[in-house]
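Quick notes on the structure that follows.
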Amino acid sequence: MVYQNNPDFARKADSQDPVQDFRRRFYIPQHNGKDSIYFIGNSLGLQPRTVSQYVRQELDDWATLGVEGHFHAKNPWLPYHEAFPKELSKIVGCLPNEVVVMNSLTVNLHLLMVSFYRPTKKRYKIICEAKAFPSDQYAFESQAAYHGFDPADAVIEVSPRNGEHTLRTEDIVSTIRKHADSAAIVLFGGVNYYTGQYFDIKTISNAAHAAGAYAGFDLAHVAGNVEIHLHDWDVDFACWCSYKYLNSGPGGVGGIHIHEKHVADKTLPRFAGWWGHSKEDRFKMEKGFNAIPTAEGWQLSNAPILSMAAHKASLDIFGEAGMEKLHAKRRMLTGYLHFVLGDINNKRTEKVIEVITPSDENERGCQVSMLMLKKGREIFDALMEQGVFADWREPNVIRVAPVPLYNTFEDVWRFGNIIESILNS
Ligand SMILES: Cc1ncc(COP(=O)(O)O)c(C=O)c1O
């Protein structure tokens, strides 16, 4: 696609977009009676219009059936979560028995670390990216401390080189090699929340294994966004949230992946609960935990059906749209945003925006992080006033994410146009 920074091009691209109709399936927040430019699906995805109907179904079944809804609801609650692996396994590239929907993200990260971070005196280090999302940093620090290690010694952060914003895969791999004798676990965000860099998960996983460590990933900014093949890339474990690109509502239920080679391993320690116990004899209510030999064996509690209903509404839309089409549009839409920002710079004698997200489309998803070199806060405030949803991260980064399910090429053009008009004022 040869991009042009003008409204005719954008509208034509929208008219040729094979997934254009899906935008109508979402509520778009309004600004002065018009659709806003919602570029913050990397924080909270929009609400599918079908969510209320899916949740209403469960409320009605609860009202009419009470506890019997566990067995006789239209979608019985007891096996409700079993509906998810079909779609989710396509979204995160794993086998259905390697995925389960449960809890929320940081909780799941801790639960997975219980199983996969089992430090010894010799092998106790956690290798991660510098500036991981704070909740992940707190999880790493507190896990190290819980096992009696000093987090300052146990948590090894890989940083960008001087003058660079993103990590080089070779630096990640060499850090893992350097700590090969002491690394217990390599735990990265799949896409870094700040820069939008999509790490080379396969290479990191291989390097972790070569060093004798487990490889795990926080996929909050990956799930529903970029292609990933958790099974084939031999990722030991991963977790994600459903409220960003998966559009399943604030605080929505999270998901985990555990590689097939581990799912039936009963020697892995875990914090157990009755929902992870063998389904055949769960209700015998007897002593002695007997784990389900799939990712389901990591569940603790019975499922939060109302939150899961919202998740189901959203995943059904992903199923209809198909990940391939969404990935194709994502590449074009985010590529267009890069082009428009480049055009804004090119029209000026000095650079005004430095895009810190990788320019290689294989190293990024929807998100584009813009380091504002001129009028940053002024531009951000004007964007907000004009109905653009974006976010500001100190000291001067604006993060935006055009999402293929509901954003348009015209959104991208309008966004660039607002920035230009502020720069010209
Ligand atoms: C990368 C990453 N990790 C962890 C979290 C925290 O998620 P939660 O509050 O669902 O535990 C977030 C939230 O945005 C995130 O982006």
Side-chain angles (χ1 to χ4, degrees), residues 38-46 88 91-92 100-114 116-117 126-143 155 157-158 166-167 172 185-199 201 204 215-226 228 230 235 237-257 271 298-301 303-304 306-308 310-311 314 356-357 363-369 389-394 397-401 403:
Y38 196 82
F39 274 178
I40 199 158
N42 55 336
S43 183
L44 182 71
L46 287 179
L88 268 178
I91 292 174
V92 296
V100 70
V101 164
M102 61 182 208
N103 311 318
S104 50
L105 177 53
T106 310
V107 173
N108 286 336
L109 184 58
H110 276 294
L111 291 176
L112 290 167
M113 289 186 80
V114 165
F116 293 97
Y117 179 55
I126 301 168
I127 302 183
C128 60
E129 86 250 45
K131 288 204 185 163
F133 190 83
S135 200
D136 295 18
Q137 294 182 36
Y138 308 148
F140 304 160
E141 286 165 18
S142 59
Q143 284 276 343
V155 181
E157 297 183 342
V158 189
T166 51
L167 291 181
I172 300 174
I185 200 167
V186 175
L187 228 173
F188 270 68
V191 167
N192 179 267
Y193 83 98
Y194 187 79
T195 63
Q197 179 180 14
Y198 182 26
F199 296 117
I201 291 188
I204 296 174
F217 293 87
D218 173 345
L219 304 181
H221 293 263
V222 170
N225 176 15
V226 282
I228 183 159
L230 289 174
V235 169
F237 68 93
C239 48
W240 54 88
C241 61
S242 65
Y243 46 80
K244 298 179 189 292
Y245 297 100
L246 292 177
N247 309 318
S248 302
V253 69
I256 67 159
H257 153 89
F271 287 167
W298 269 260
Q299 296 173 107
L300 298 184
S301 300
L306 300 182
S307 173
M308 287 196 165
H311 197 29
S314 176
I356 61 173
T357 308
E363 292 178 31
R364 64 174 192 231
C366 296
Q367 182 180 322
V368 175
S369 301
F389 284 78
D391 81 8
W392 177 262
R393 286 278 180 258
E394 294 298 339
V397 166
I398 297 176
R399 297 187 313 161
V400 285
V403 170

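Atoms within each ligand, like the ligands themselves, are counted from 1 in listed order. Treat the numbers as computed from the prediction; the structure is a model and nothing was measured.
- Residue, atom and distance of the protein heavy atom nearest to atom 16 (O) of ligand 1 are His221 NE2, 2.9 Å.
- Aromatic ring pairs are classed by plane angle as parallel below 30°, tilted from 30° to 60° and perpendicular above 60°; the pair Phe116 and Trp298 is parallel.
- Looking from atom 9 (O) of ligand 1 to the surrounding protein, the closest heavy atom is Tyr243 OH, 3.6 Å.
- The closest donor-acceptor contact from the side chain of Arg399 to the backbone of Tyr193 lies under 3.5 Å.
- Remark: ligand 1 and Tyr193 share no N or O pair separated by less than 3.5 Å (distance only, no angle test).
- Considering backbone and side-chain N/O atoms, Asp218 comes within less than 3.5 Å of an N/O atom of ligand 1.
- Between Leu44 and Pro250, the closest side-chain pair of non-hydrogen atoms falls below 4.5 Å.
- The parts of Thr106 lying near ligand 1 are both backbone and side chain, judged by heavy-atom distances below 4.0 Å.
- The structure places OH of Tyr194 at 8.5 Å from CD of Glu394, a figure rounded to the nearest 0.5 Å.
- Ranking the protein heavy atoms by distance from atom 14 (O) of ligand 1 puts Lys244 NZ, 2.8 Å first.
- Checked against a 3.5 angstrom limit, the closest N/O atoms of Asp136 and ligand 1 fall inside it.
- Looking from atom 12 (C) of ligand 1 to the surrounding protein, the closest heavy atom is Phe133 CE2, 3.3 Å.
- For the pair Ser307 (side chain) and Val253 (backbone), a donor-acceptor distance under 3.5 Å is present.
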Under 3.5 Å, side-chain donor or acceptor atoms of residues 219-226 against the rest of the protein: list the pairs with distances, not counting sequence neighbours.
unit_1, atom_1, unit_2, atom_2, d
Asn225, OD1, Cys366, N, 3.0
Asn225, ND2, His221, O, 2.9

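- No donor-acceptor pair under 3.5 Å is formed between the side chain of Glu157 and the backbone N or O of Lys131.
- If you look at Ala220 next to ligand 1, the close heavy atoms, those under 4.0 Å, all belong to the side chain.
- Counting heavy atoms under 4.0 Å from ligand 1, residue Leu109 does not touch it at all.
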